[in-house]
Amino acid sequence: MMTQVRTDPPLLSGLLRPLRIVWWLLGVLLILRLLVGARLELAPDEAVYWSWSRHLYGGYLDHPPLIAWINWLSTHILGSTQLGVRLPAALLAFGMVALLVMLARRLMPDWAAAWVGLMWLLGPLLTVIGTISTPDTPVVFFSTAALTCVALIALRDDERMAGEGMASNDSPSAGLWILFGIFCGVALLAKYTAVLLPAAVFVALVSSPAGRRHLRRPWIYLAALVALVIFSPVLVWNARHGWASFAYQLHHGTGGDEAAPPSAATSRLDLLRPFINTAAYIGGQAAVWTPILFALVIVVLVSGWRRYGRLNHVDRLLLCCASVPLLIFGLASVRKVGEVNWPMFTYVPASLLIGRRLAQDAAGRWRHWVWEGCKLALIFTIGLHLLLMPGSAKLLARVHIRIPHNVLDVTGGWQRFGNALGRVADGAPAICNRHQDAGEAAFYMPGQPDVWCDSVASRITAFDFFDGPPDYRNIPRVLFVGGHVSAFATKHGYAHWKTVPLGIGDANGKGERTATIMWR
């Protein structure tokens with residue numbers, strides 16, 4: 001079993017209880033996240049998920065239903081406000097860090113566990129998942145809870161093998177396996193990518209003598225059954241809708257775009273596309289976890305796989321759970337770069353591996369680089385907060401600095417957008433071509449009306465599967481927002497329309513947003 005160094009490192013000299021600092025920092029940052037979340041306008045994806053909470057189902061095209069269910073509960077308690085939407089994200093994100101630190105205390109000395117907490121608390125990734133309400137936050141929380149259960153099982157196996165050997169009575173492990181199944185099932189209700197955790201656990205079990213013992217017992221299979229029962233609403237919804245959500249996410253998440261047929265006109269850039277995509281994927285991960293800490297993750301994963309046969313059960317488990325998401329989405333990125341948040345769970349077990357490596361670092365080199373990584377992560381976090389300040393996007397656009405669209409969406413003046421729609425609608429129901437616009441309009445228009453998304457001439461959305469769409473035959477006048485105006489008018493029989501300015505510019509301060517009044 002891994003030898004642990006129990007003395008405090010020089011970087012923490014003078015701090016009698018480094019974990020106490022982590023807990024205080026956790027509380028302070030949670031309050032900060034709530035204050036920021038209450039003031040920051042909803043990002044388009046957040047507004048979409050909030051709009052789902054008005055149409056509760058067992059599944060949706062884009063994701064499983066947990067984010068809608070959580071939004072429904074929170075907004076029924078706090079009201080449909082920005083804080084009402086975001087409170088669960090803040091609680092779950094910081095609950096995840098608390099759970100991770102408690103697990104780290106079982107796997108390493110307290111001072112090393114404190115470093116695990118600091119890597120998360122100072123970095124931009126927690127800022128995002130603790131502020132913006134998306135399926136990523138609940139899937140990371142419940143996946144961390146599931147990882148905690150199986151890590152404690154692995155730790156018990158290592159302790160038994162190092163001591164009196166494998167005991168015949170494994171009833172404590174049975175309870176942990178059932179909890180593992182529960183948490184995996186709830187994580188799958190949040191996001192389909194949660195399936196990679198039990199897949200990674202299976203790899204770790206198959207490749208370990210202690211793990212194969214569990215495969216000969218009923219508890220892991222009972223855990224799988226429990227997870228399947230919890231996940232069953234999604235299966236039922238998909239079965240009733242032609243497995244639409246599974247097909248959409250498989251295509252979207254694995255880069256399933258049809259490749260263009262080869263021709264003489266194939267450019268050199270097209271030939272280099274896999275390498276460019278892979279570089280973009282690696283760069284995105286370095287930005288999410290910050291460059292120094294990401295480099296440490298790569299080092300600890302590579303060194304772990306080089307000596308995999310000599311690792312104990314805990315380290316094998318953490319190594320598999322950290323590697324599988326990073327590898328799967330890395331391979332998918334060869335065809336098409338996905339979202340940088342997809343392999344996010346990688347950094348939960350990876351941070352534990354870094355902490356365990358710190359506990360073995362007699363020379364202090366790892367402590368030095370983790371400290372440097374935390375400082376750089378804090379700089380990234382401060383920069384992210386400055387970028388989200390009102391007016392920052394327009395200011396940077398004026399000096400010709402390109403801002404990512406997802407940042408512009410958060411700072412895009414959605415409150416003014418909703419108020420402008422309310423002024424020009426004059427009682428007509430608002431219909432949007434994009435589900436992001438529909439969610440923002442519904443949240444910020446006066447009275448928060450139920451705004452529908454009609455995806456004519458665009459990709460289908462969750463609205464295409466909702467019950468009770470508008471009966472346009474009995475609606476003489478509508479306010480249409482978005483493109484494909486003539487296609488919408490032809491589809492629903494509106495003979496006349498005119499474009500009306502909303503009196504607001506886009507997030508870049510270029511151009512002006514408009515809407516279209518239609519009547520018969």
Side-chain angles (χ1 to χ4, degrees), residues 58-59 63-67 69-70 88 92 95-96 98-100 102-103 106-107 135-158 160 166-208 210-239 245-246 249 313-314 316-325 328 344-346 348-349 352:
H63 290 291
L66 187 61
I67 186 64
W69 296 354
I70 290 174
L92 290 173
M96 180 275 294
L99 190 60
L100 181 63
M102 287 188 286
L103 174 60
R106 295 294 306 273
L107 301 179
D136 293 306
T137 309
V139 75
V140 170
F141 174 81
F142 289 107
S143 294
T144 302
L147 177 67
T148 298
C149 295
V150 74
L152 292 177
I153 294 171
L155 180 62
R156 181 178 291 125
D157 290 343
D158 286 337
R160 288 173 177 171
M166 294 296 295
S168 59
N169 181 11
D170 65 333
S171 56
S173 294
L176 286 172
W177 276 122
I178 300 304
L179 284 174
F180 174 76
I182 292 173
F183 290 131
C184 281
V186 180
L188 283 167
L189 285 178
K191 201 168 184 179
Y192 296 128
T193 54
V195 73
L196 295 179
L197 173 60
V201 169
F202 180 76
V203 172
L205 293 178
V206 169
S207 60
S208 166
R212 289 193 289 272
R213 290 176 181 268
H214 290 286
L215 294 176
R216 295 195 292 267
R217 292 170 176 150
W219 309 118
I220 188 172
Y221 305 103
L222 184 57
L225 180 61
V226 169
L228 187 63
V229 170
I230 294 173
F231 186 62
S232 61
V234 180
L235 298 175
V236 171
W237 185 91
N238 271 276
S245 183
F246 291 160
Q249 283 298 338
H313 194 26
V314 168
R316 290 188 183 193
L317 173 72
L318 295 176
L319 185 62
C320 290
C321 291
S323 301
V324 167
I328 292 296
M344 183 186 306
F345 181 70
T346 281
V348 174
L352 291 170

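Here the structure is a predicted model, which is why all the values come from computation and not from measurement. Along the sequence shown, the residues carry numbers beginning at 1.
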Report the distance from atom [atom1] of [X] to atom [atom2] of [Y], rounding to the nearest 0.5 Å.
| X | Y | atom1 | atom2 | result |
| --- | --- | --- | --- | --- |
| Leu188 | Ser232 | CG | OG | 11.5 Å |
| His313 | Arg156 | NE2 | CZ | 11.5 Å |
| Cys184 | Leu189 | SG | CG | 11.5 Å |
| Ile67 | Thr137 | CD1 | OG1 | 7.0 Å |
| Leu225 | Ile220 | CG | CD1 | 13.0 Å |

Is there side-chain contact between [X] and [Y], with at least one heavy-atom pair below 4.5 Å?
| X | Y | result |
| --- | --- | --- |
| Val201 | Cys320 | no |
| Leu197 | Phe345 | yes |
| Val139 | Pro135 | no |
| Phe180 | Ile153 | no |
| Leu92 | Ile70 | yes |
| Ile230 | Val226 | yes |
| Leu103 | Leu152 | yes |
| Thr148 | Leu99 | yes |

**Report entry** Tyr221 side-chain N/O to Arg216 backbone N/O, donor-acceptor pair under 3.5 Å
**Finding:**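 Looks like no, no N/O pair under 3.5 Å.
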Query raised in the report: Donor-acceptor pair, Asp158 side chain versus Val314 backbone, under 3.5 Å?
Result: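 Confirmed, Asp158 side chain pairs with Val314 backbone.
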Query raised in the report: Under the side chain to side chain contact (heavy atoms under 4.5 Å, CB included) criterion, do Leu66 and Phe142 qualify, and how do the steps go?
Result: CA-CA 11 Å; Leu66 187 61; Phe142 289 107; 4.1 Å; yes
Report task. Let me see the working for Trp219 and Ser173 under side chain to side chain contact (heavy atoms under 4.5 Å, CB included), right down to the final yes or no. Result -> CA-CA 8 Å; Trp219 309 118; Ser173 294; 5.8 Å; no
Query raised in the report: Got a sec, which residues hit ring-ring contact (aromatic ring centres under 6.0 Å, His included) with His63, two or more places apart in sequence or on another chain?
Result: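 For His63 the ring-ring contact (aromatic ring centres under 6.0 Å, His included) partners, ignoring immediate neighbours, are Tyr49.
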Give the minimum heavy-atom separation between [X] and [Y], together with the two atoms involved.
| X | Y | answer |
| --- | --- | --- |
| Cys149 | Leu176 | CB-O, 3.6 Å |
| Ala204 | Arg316 | CB-O, 4.1 Å |
| Ser207 | Val203 | OG-O, 2.9 Å |
| Thr144 | Met96 | OG1-CG, 3.3 Å |
| Phe246 | Asn238 | N-OD1, 3.2 Å |
| Ser143 | Ala187 | OG-CB, 3.7 Å |

**Report entry** Audit row: Val234, Tyr192, side chain to side chain contact (heavy atoms under 4.5 Å, CB included) steps and yes/no
**Finding:** CA-CA 10 Å; Val234 180; Tyr192 296 128; 3.5 Å; yes
Requested in this report: Just do the side chain to side chain contact (heavy atoms under 4.5 Å, CB included) check on Leu205 and Val150 with the steps written out, would you?
Outcome: CA-CA 10 Å; Leu205 293 178; Val150 74; 5.6 Å; no
Query raised in the report: In terms of the angle between their ring planes, are Trp177 and His214 parallel, tilted or perpendicular, with boundaries placed at 30° and 60°?
Result: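 Rings of Trp177 and His214: perpendicular, over 60°.
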